[in-house]
Engineer: 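Can you read through this structure? Questions will come right after.
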Protein chains: 2
Amino acid sequence: MTQQKTTSFDIAYKAGVSQSTVSRALSGSPLVGKETRIKIQAIAKELNYKVDKNASNLRSQKTKTLAVLLFDEAGTDNTMINPFFLTMIGSITQAAAAYQYDVLLSFQQLSDDWYADYEESHRADGVICLGYGDYLTYNEKAHDLIHSNAHFVTWGPVIAGQESCFVGCDNTSSAAQAVDHLFHSGREKVAFIGGADEHCPEFYQRYQGYKTAFSNSKKTLNPRLHVNAQNSEQSGFQAVQSLILTQESFDALFCASDLIAIGAIKALREHNIAIPREVAVIGFDDIPSASYVSPALTTIRQNTVDAGRILVEKILQSIHGEQPESEFLPAQLIIRKSCGTI
Amino acid sequence: MTQQKTTSFDIAYKAGVSQSTVSRALSGSPLVGKETRIKIQAIAKELNYKVDKNASNLRSQKTKTLAVLLFDEAGTDNTMINPFFLTMIGSITQAAAAYQYDVLLSFQQLSDDWYADYEESHRADGVICLGYGDYLTYNEKAHDLIHSNAHFVTWGPVIAGQESCFVGCDNTSSAAQAVDHLFHSGREKVAFIGGADEHCPEFYQRYQGYKTAFSNSKKTLNPRLHVNAQNSEQSGFQAVQSLILTQESFDALFCASDLIAIGAIKALREHNIAIPREVAVIGFDDIPSASYVSPALTTIRQNTVDAGRILVEKILQSIHGEQPESEFLPAQLIIRKSCGTI
DNA sequence: TATTTGAGTAATATCGTTTACATTGTAAAA
DNA sequence: TTTTACAATGTAAACGATATTACTCAAATA
């Protein structure tokens, strides 16, 4: 029942070779003869032998494991995890598997020990950070880490002057594209719903894109058509409600996220404003629900599969001693009914 | 730059004690004097020392890590991971963290090596399986594992005669409750949309609940009101379309999943059947989109937070040598507009 | 005073690999 | 025949901790 664990010595004994030969044979070293290898592999299979990961890691000082650290600002209510990040975790895991890496998952509080807890304790060879916003952009500890050859990449807005590697979606130009689409379909008075302060860099970039579209089209931007909102349905609802109350006229809403857009749609409907006839709506993210609201939401889709793969590739580069570059990912405008061109 | 890694020897040297004392002091052993402990802790912090996980694991033969294995039948198209499982992964990770366990995540193909790859190779102390359906219920390899004190629990339907520990939602009685709710709001001809073969045990149990509700209310079940469907929007759409074509009369649909229900709603709408006036609809799962379809979908919510916590508790019991019992989790009927009682 | 006790610490043996280095055997080159 | 080269294997030293056993030195007991 509680049989002794099979070790490489058991295999060696049964195969009549030394333990080191077993190790070499199973790790695919070219230094071992073909016959010997086959024999050893057969015995290993028969005895149901598996290399002990801890011993192997300890000796080789590699773990073949990536830590994925998720900082979810949900804060007190840990129940709801941002679905976008969950999807990302999925694609990271799959990308990592393609390189024979395991993924160690952890939800974090914003702390300075995240790195030590994973790479320095040899749990993982590198760390992928999700949801850290611009925390790692200017943080002093992060600065130190970068200069002590730490291995980590961050999903987040790519901003000039960042020292470490960031991978993020091309917020600015895809936002510009969305607003441009509204212009081309005849809308003029496009409002922006979402935070525009630098504290939430993603929203800020999307706001920049919104402005770019205006200047590219030589249209003048009405600052009263910008209303702040947090990334939630409720906040989007309130923002649009207050916009309506200002009596300011508008014929389209560009929302900084789908959640905001969904709240916005609710507010419009409550005031009997027809979508898209009177007001067109565009969101950002393409969360699953976006296609189910009515009218179905036009939005910008970030390719999470590519994102996961690229994050993994960058962190592996870093582990192998290269210095990965930050990278923008293109996003795609998904046109549905809410913007009125379908 | 590439400074030598700090080990417990460095601490020992600086503190003027032996290395073993350092180990004890930091692992909270009561065998070490108070002054010595404080001194050692201070030095450890100063030198930014972290216990090497691999060395520690190797020696102690424990990893403080749980493997979460997700078998997602999506198959060829790995892009879309079942959002329900993603949520589950989140709650498992958070529950595990509460017990100071890490989570190692892996997507699997259906294979017989999943166990060896994780616990036998000492990557993890135990394994939580998601999405294995009834694979582990009757599988011979699983049988062997159970009798060789392997540590694993499975999320899935609890079925009599299972040898290992399963945790699943109480499909049968919550389905019965949902159908009962339809009866009480005056519906008579309730159809069931979803597979009823034992191959998908969850759906089968939900079908059993549907039947139970009929027999409890002494109503006779019309077998022509049962249409098979897979767990997808498209399949739900087709199923309901074919039901409509049979000309069989019905005033409510109980769908085995929300995705099916969403497809069903589409089909009804295409035939200009009013929801809920002519036909009420109830789903199962409460995926995020359920509240966004229109009319908002009445459904049955599985409590993923509890589920994650219980899975973790069971696997820890198993690791500690106890024999955890399988367990049902209650589910909750979430009443929205699609069933017409709101 | 001699002996016991026990708290605190030191010494040492693992845990199961990987890997640098040493050794052997065989065949080609001198 | 002797040397050389190379391929295949063996030997043994890490890797960095934990666990067990053995020691020290004070206070308590006889």
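Labels below follow one simple rule: chain letters A, B, ... track the order of the sequence lines, proteins then strands, and each chain is numbered from 1. When reading the values below, keep in mind they use all heavy atoms of this one structure, side chains included, and skip hydrogens, waters and symmetry mates.
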Engineer: Within less than 4.0 Å of OP1 or OP2 of C:dT19, is there a side-chain N or O belonging to A:Ser60?
Structural biologist: no
Engineer: Could you check whether atom CD of B:Glu35 has more than 12 heavy atoms from other residues, nucleotides or ligands sitting under 6.0 Å from it?
Structural biologist: no
Engineer: May I ask you to evaluate whether B:Ser8 reaches the phosphate of D:dG16, defined as a side-chain N or O under 4.0 Å from OP1 or OP2?
Structural biologist: no
Engineer: Any base atoms under 4.0 Å from B:Ser27, or only sugar-phosphate, or nothing? Heavy atoms, all strands.
Structural biologist: nothing
Engineer: Does a side-chain N-to-carboxylate-O contact under 4.0 Å join B:Lys64 and B:Asp102?
Structural biologist: no
Engineer: Please state whether the base of C:dT18 and the side chain of A:Arg59 form at least one donor-acceptor pair under 3.5 Å?
Structural biologist: yes
Engineer: Taking the six-membered ring for Trp, are the ring centroids of B:Phe152 and B:Trp114 within less than 6.0 Å of each other?
Structural biologist: yes
Engineer: For A:Phe9, answer base if it contacts any base atom (sugar-phosphate contacts may also be present), sugar-phosphate if it contacts only those atoms, and nothing otherwise; contact means non-hydrogen atoms under 4.0 Å.
Structural biologist: base
Engineer: Phosphate oxygens OP1/OP2 of D:dG10: is one of them under 4.0 Å from a side-chain N or O of A:Thr21?
Structural biologist: yes
Engineer: So, OP1 or OP2 of C:dA10: does either fall under 4.0 Å of a side-chain N or O from B:Ser18?
Structural biologist: yes
Engineer: So, does the side chain of B:Ser20 form a donor-acceptor pair with the base of D:dA17 at under 3.5 Å?
Structural biologist: no
Engineer: Base, sugar-phosphate or nothing for A:Ser23? Non-hydrogen atoms, less than 4.0 Å.
Structural biologist: base
